[in-house]
Each structure stands twice: as C-alpha cells, then as structure tokens.
Amino acid sequence: MAGWLQDRVALVTGAADGLGRAVVTRFLREGVTGVVAVDRDADGLAALKQTAPDRVVGVVGDVRAFSTHAHAVEQACAHFGGLDILVPNAGVFDFRRPLHGYTAQALEATMDELMSINLRGYLFAVLAARKSLVARRGNIVMTASVASFHAGGGGILYTMAKHAIVGMVRQLALEMSPEVRVNGVGPGGTLTRLRGTEALGHGARSIGVDAALFNARIAAATPLAFAQTPDDHTGLYVLLASNKNSRAVTGQIYLSDGGIGARSI
Ligand SMILES: NC(=O)c1ccc[n+]([C@@H]2O[C@H](COP(=O)([O-])OP(=O)(O)OC[C@H]3O[C@@H](n4cnc5c(N)ncnc54)[C@H](O)[C@@H]3O)[C@@H](O)[C@H]2O)c1
C-alpha cells in the first residue's frame, strides 16, 4: 500500500538525532522520494544516511546561518527535483533555568544563542524554502512543544521561545496561504539527547543522561502516565505533511503530550 507521503520531498532540520531523526525515518517509510537532513552533527547525519543512502542527503551546518538553509534547499532541488515538506525542528534547551538564575551578561549570551537556534533557525528555514514550497503547494510542520502553551516545561528562555512558535505558525499560515499550509506538533517530555547552550557551558549536557529518572518524572506528571519516545509523535507530522489527509488544516499546533495540557492541577 502506498504511504501517505508518496513522491514527496522533505527537508528536516535537527535531523541527526531525537525527534528529527524519527521524523526522517517515518517519512521514508511513508514513501518520500528523498529527505534533506540538516544538522551540525556530521557523524549523526552520516549514520542516518546509511539507513537509506539513495534517499537521504545530509547537509552539515548550523541553523543560525541562512546559508545552511539555502544550501539545503538547493540540495533538495538538485537531488530530488524540488521541495514539498519543511520541518523546522533543531533546538536547544535551558534546563529550566529561572530568570533569577542569570547574571545580565549570561542572560544576554544565552538569550542570543537560544533564540537564534530555536527561532531564527526556524524562520531562516522558511525564508529559504518559501519559493520552492509555493511552487509545489507544499507545507510546513514545525516542532513546537507543550512549552508552547504552558509554563514549567522549560525555564524562562525556552518557554518564551516555544510560545513564540505559536505566533510564528499562525502568522505564517496567513502569510503563506493559500499555497502553503503551516502547522506544528507540540511534543511533551520525550526521552532524547536534547542539549543545552554553549553560553551556559551546557553544550554537552543532555536531558537524557539518566533515562530511568527522566521517564519516571515525566510519567508521574503526565495523565497518560508514560514518557513519550520520538516515535510517539511522528504520526502527527505525517498527518500534517499530507495534503491529502489534512488539506483544510493550517495555523494549528497539535499537542502530543500525554495529556499534560489537558489538566488544571
Ligand atoms: N525532548 C523533548 O522533551 C522535547 C519536547 C518538546 C519539544 N522538543 C523540541 O524538539 C526539537 C528536537 O529536539 P530533540 O528533543 O529531538 O533533541 P535532540 O538533541 O535529540 O535533537 C536536536 C538536534 O538538533 C541539532 N541542533 C541543535 N542545535 C543546532 C544548530 N545550531 N544547528 C544545527 N543543528 C542543531 C542537534 O545536533 C540535534 O541533532 C527541539 O526543537 C526541541 O525543543 C523536545
């Protein structure tokens, strides 16, 4: 049976690991012609490419640079003839640091780094891909978060950045209609190797360092009582990326959070 994304071409940022990698793997199963996988982790991209050498093109680069995205879109056109689906996803975490945990200097440096990866990286991806997506009536599925709607999932900077993605999705959905649909998926606590910022010296620190503790904490805080894995979210990306199956959906973020967003206390 044909997959939901048969003959489509996708570009995913932060594709070497975690959610991005799971999305690429699922898109391949759903029949995409090819995926351009963007990440700063060259080894992770090489490992991903090995899973489908003819259908994955890796672009090593930093999402803070527009040139990374321009090159990735060029690669999609050169290797696969165009672009239909964009998934801005690369991000870093603040390990729930509150405002009073920063000096002014640390706040400036961390804010610049986190916002330029988690927000400018998304906007640059859209800016680079816009013409190609318009030409093929494509769509965008951004990785948002339960932190896009609720406090406490991150600290002040991460929560602000994820809330801003709500505005980004809604505004771009209007600006890019009627040619391109723009939506998001908001995962809850998901076991990955999500890292912190260099500015705080957390470039190598990861939320997944103690998997058992992470899973137990998330399960205890989640109505459905389990910590999610990246694979738990990929179906929503497929749904929103499929023009056939979500033709009327734009400007929306679907939470995939085990019910955290549904509870009041
Ligand atoms: N893990 C969670 O609990 C969770 C929950 C909700 C949302 N998210 C979001 O999901 C997205 C993916 O995170 P993840 O949890 O899969 O983490 P991850 O670390 O497994 O994946 C993120 C990828 O982005 C890449 N990356 C980071 N900064 C980059 C940069 N400047 N340039 C290029 N690549 C860069 C990393 O190398 C990594 O491969 C992020 O936007 C994150 O905020 C994560």
Side-chain angles (χ1 to χ4, degrees), residues 11-25 37-48 58-69 71-72 87-96 112-122 124-125 141-150 152-155 157-166 168 184-199 202-209 211 214-215 217-219 221-222 226-234 236-237 253-258 260-261:
L11 191 167
V12 179
T13 73
D17 207 354
L19 284 153
R21 187 183 168 125
V23 168
V24 172
T25 303
V38 178
D39 209 290
R40 61 183 172 186
D41 172 4
D43 293 343
L45 283 183
L48 175 64
V59 168
V60 181
D62 194 310
V63 294
R64 286 172 283 187
F66 181 74
S67 56
T68 298
H69 304 282
H71 180 55
V87 179
N89 167 78
V92 290
F93 193 50
D94 65 358
F95 291 96
R96 297 193 186 81
D112 284 355
E113 182 178 346
L114 190 143
M115 298 297 170
S116 63
I117 296 173
N118 292 18
L119 293 177
R120 194 175 81 213
Y122 279 38
F124 270 172
V141 187
M142 297 189 176
T143 298
S145 171
V146 67
S148 296
F149 300 96
H150 302 281
L157 295 182
Y158 186 80
T159 301
M160 280 169 60
K162 288 298 179 193
H163 272 62
I165 290 171
V166 179
M168 201 186 288
V185 175
T190 306
L191 185 61
T192 67
R193 285 190 283 261
L194 182 63
R195 316 242 166 196
T197 59
E198 301 288 346
H202 292 164
R205 184 177 170 189
S206 152
I207 62 167
V209 70
F214 179 89
N215 282 342
R217 276 194 183 146
I218 298 293
T222 304
F226 67 92
Q228 296 110 70
T229 68
D231 287 342
D232 291 325
H233 310 298
T234 59
L236 283 176
Y237 287 83
I253 295 176
Y254 289 174
L255 282 176
S256 180
D257 65 351
I260 285 183

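As the structure lists them, so they are numbered: ligands from 1, and atoms in each ligand from 1.
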Under 4.0 Å to a heavy atom of G189 - the qualifying atoms of ligand 1, by number | 3 (O)
N118 N/O to ligand 1 N/O under 3.5 Å | no
Those atoms of ligand 1 less than 4.0 Å from some heavy atom in Y122 | 41 (O)
Considering all heavy atoms, the nearest T159-H150 contact = CG2-O, 4.0 Å
Quick one: which ligand 1 atoms are inside 4.0 Å of a heavy atom on I117?
-> 28 (N), 31 (N)
Restricting to heavy atoms, the pick from N89, T13, V12 nearest atom 11 (C) of ligand 1 would be N89
Minimum heavy-atom distance between S256 and V185, given as atom pair plus value | CB-CG1, 4.4 Å
Nearest heavy-atom neighbours spanning A144 and I165 = CB-CG2, 4.0 Å
For ligand 1, note which part of Y158 has a heavy atom under 4.0 Å away: side chain, backbone, both or neither.
-> side chain
Starting from atom 3 (O) of ligand 1, which protein heavy atom do you reach first, and at what distance in Å?
-> T190 N, 2.9 Å
Measuring from D17:CG to L48:CG, what's the distance to the nearest 0.5 Å?
-> 10.0 Å
Ligand 1-proximal atoms of S206, by part, heavy-atom distance under 4.0 Å = neither
Residue part near ligand 1, for T192, under 4.0 Å between non-hydrogen atoms | side chain
Going by the atom numbers of ligand 1, which of them fall below 4.0 Å from some non-hydrogen atom of G18?
-> 16 (O), 20 (O)
Do any heavy atoms of A144 fall under 4.0 Å from ligand 1?
-> yes
Whether N89 side chain and G14 backbone form a donor-acceptor pair below 3.5 Å = yes
Verify side-chain contact (heavy atoms from CB on, under 4.5 Å) between L114 and D94, making sure each step is shown before the conclusion.
-> CA-CA 8 Å; L114 190 143; D94 65 358; 4.0 Å; yes
Close N or O approach (S145, ligand 1; < 3.5 Å) = no
Do I207 and F95 come close enough that some side-chain heavy atom pair is under 4.5 Å?
-> yes
Measure R40 to ligand 1 on non-hydrogen atoms and call it side chain, backbone, both or neither using the 4.0 Å cut-off.
-> both
Please name all residues satisfying ring-ring contact (aromatic ring centres under 6.0 Å, His included) with F66, sequence neighbours left out, ordered by chain then number.
-> F124
Which residue and non-hydrogen atom of the protein lie closest to atom 31 (N) of ligand 1, and at what distance in Å?
-> D62 OD1, 3.0 Å
Identify the closest protein heavy atom to atom 6 (C) of ligand 1: which residue and atom is it, and at what distance?
-> P187 O, 3.3 Å
For atom 36 (C) of ligand 1, which candidate among V63, D41, D39 holds the nearest heavy atom?
-> D39
Look up atom CD in Q228 and atom CG in N215, then write down how far apart they are to the nearest 0.5 Å.
-> 10.0 Å
Note: ligand 1 atoms sitting under 4.0 Å from heavy atoms of G188 are 3 (O), 5 (C)
Which atoms of ligand 1 have any heavy atom of T143 under 4.0 Å away?
-> 9 (C), 10 (O), 11 (C)
For R193, the ligand 1 atoms whose distance to one of its heavy atoms is below 4.0 Å = 19 (O), 20 (O)
Of all the atoms in ligand 1, which lie at a distance below 4.0 Å from a heavy atom belonging to G61?
-> 32 (N), 33 (C)
Closest to atom 22 (C) of ligand 1 among protein heavy atoms sits G91 O, 4.2 Å
Could you pull out the closest heavy-atom pair between V38 and V63, with the gap in Å?
-> CG1-CG1, 4.4 Å
Just wondering, are more than 12 heavy atoms of other shown residues or ligands nearer than 6.0 Å to CZ in R193?
-> no
Scanning both residues in full, the closest heavy-atom pair of T13 with L11 reads CG2-CD2, 4.1 Å
May I have the step-by-step check of side-chain contact (heavy atoms from CB on, under 4.5 Å) for Y158 and M160, ending in yes or no?
-> CA-CA 5 Å; Y158 186 80; M160 280 169 60; over 6 Å; no
Sequence-distant partners of R64, side chain to side chain donor-acceptor pair (under 3.5 Å), two or more places apart | D62
All heavy atoms of V141 vs all of P88, minimum pair found to be O-CD, 3.5 Å
So which protein heavy atom does atom 24 (O) of ligand 1 come closest to, and at what separation?
-> G14 CA, 3.4 Å
Option of least heavy-atom distance to atom 44 (C) of ligand 1 (set: D17, L19, V60) = L19
Measure the distance from atom 19 (O) of ligand 1 to every protein heavy atom, then report the residue, atom name and distance (to 0.1 Å) of the closest one.
-> L194 CA, 3.2 Å
Taking heavy atoms and a distance under 4.0 Å, where does K162 meet ligand 1: side chain, backbone, both or neither?
-> side chain
